[in-house]
Engineer: 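There's a structure below that I have some questions on.
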Amino acid sequence: MSFVTSRVFRGCRALLAPAKSSAAASKPTATKAAASKPKSAKPARTAGILKPFPVSPALSDFLGTPEASRAGAVKQIWAYIKQNNLQNPANKKEIFCDAKLKSIFDDKEKVGFLEIGKLLSQHFVKTT
């Protein structure tokens, strides 16, 4: 019998060990007491696409802020596209650019949704 169970569980002792008694489980230990204390709140570090960078004047006019994160900028652009119904109904991957979008997308009439990130990269100022 033990050969079969060890073969099924591959010798995992935690699964084969008997359950602890309720008396041992009710005693608070130092690790349980430490785990119940609230941890100190650390400020969230922003990095990568969540880190705010200075943006070009054209993108700053569109977003209304002098600096933004890449993810935040894309989110606001998509909100603008959806609000003004600028997606091509026949092909949802295409976006029709109005005057405001043309100012940040190099005066293009249509933009593919995969192009948005590439076209936005020129608007983020490199700070070294």
Side-chain angles (χ1 to χ4, degrees):
M1 177 83 169
S2 66
F3 173 72
V4 174
T5 56
S6 66
R7 188 169 165 208
V8 171
F9 296 113
R10 297 184 189 239
C12 181
R13 293 177 191 242
L15 293 174
L16 298 174
K20 293 182 180 179
S21 68
S22 62
S26 65
K27 290 182 183 178
T29 61
T31 57
K32 287 184 182 179
S36 65
K37 290 182 183 178
K39 294 181 180 178
S40 63
K42 292 182 181 178
R45 290 187 346 190
T46 55
I49 62 171
L50 299 176
K51 183 178 179 183
F53 285 101
V55 294
S56 70
L59 187 59
S60 177
D61 291 340
F62 183 86
L63 299 176
T65 60
E67 62 179 27
S69 67
R70 291 181 189 273
V74 171
K75 191 174 185 178
Q76 287 183 7
I77 288 170
W78 271 107
Y80 179 80
I81 290 167
K82 299 258 183 193
Q83 180 183 16
N84 294 311
N85 199 18
L86 296 174
Q87 262 184 308
N88 184 354
N91 183 5
K92 296 283 188 177
K93 293 180 181 180
E94 285 183 343
I95 297 150
F96 298 126
C97 296
D98 61 355
K100 201 169 178 182
L101 283 177
K102 283 182 184 180
S103 67
I104 58 173
F105 290 149
D106 295 334
D107 293 328
K108 292 188 173 189
E109 293 291 324
K110 288 187 206 176
V111 175
F113 78 97
L114 294 176
E115 291 179 77
I116 291 175
K118 184 171 74 172
L119 292 171
L120 281 181
S121 65
Q122 66 190 6
H123 292 287
F124 286 93
V125 179
K126 303 280 185 199
T127 55
T128 310

Engineer: What are the two closest heavy atoms between C97 and F105, and how far apart are they?
Structural biologist: SG-CD1, 3.9 Å
Engineer: Donor-acceptor check, side chain of S60 to backbone of T65, threshold 3.5 angstrom: yes or no?
Structural biologist: yes
Engineer: When you compare the side chain of W78 with that of Q87, does any pair of heavy atoms fall below 4.5 Å?
Structural biologist: yes
Engineer: How close do E109 and K102 get, heavy atom to heavy atom, and via which atoms?
Structural biologist: OE2-NZ, 2.7 Å
Engineer: Test: salt bridge (Lys or Arg N to Asp or Glu O under 4.0 Å). Region: residues 86-97. Which pairs qualify, not counting sequence neighbours?
Structural biologist: E94-K110
Engineer: Nearest 0.5 angstrom please: L59 CG to I104 CD1, how far?
Structural biologist: 5.5 Å
Engineer: Between V111 and L101, is any pair of side-chain heavy atoms under 4.5 Å apart?
Structural biologist: no
Engineer: Which atoms form the tightest heavy-atom contact between E67 and P52, and what is the distance?
Structural biologist: OE2-CB, 4.1 Å
Engineer: Please determine whether residues L50 and I77 belong to a single hydrophobic cluster, defined as Ile, Leu, Val, Met, Phe, Trp and Tyr linked transitively by side-chain heavy-atom distances below 4.5 Å.
Structural biologist: no
Engineer: For F62, what residues pass the ring-ring contact (aromatic ring centres under 6.0 Å, His included) criterion, not counting sequence neighbours?
Structural biologist: Y80
Engineer: State which residues pass ring-ring contact (aromatic ring centres under 6.0 Å, His included) with F113; sequence neighbours excluded, sorted by chain then number.
Structural biologist: none
Engineer: Indicate, with yes or no, if F96 and L119 share a hydrophobic cluster defined by side-chain heavy-atom contacts under 4.5 Å among Ile, Leu, Val, Met, Phe, Trp and Tyr.
Structural biologist: no
Engineer: For the residue pair S103 and H123, what are the closest heavy atoms and their distance?
Structural biologist: O-CE1, 4.5 Å
Engineer: May I ask you to test the D106-Q122 pair for a side-chain heavy-atom distance under 4.5 Å?
Structural biologist: yes
Engineer: Take atom NZ of K75 as the centre, draw a 6.0 Å sphere, and report whether it contains more than 12 heavy atoms from other residues, nucleotides or ligands.
Structural biologist: no
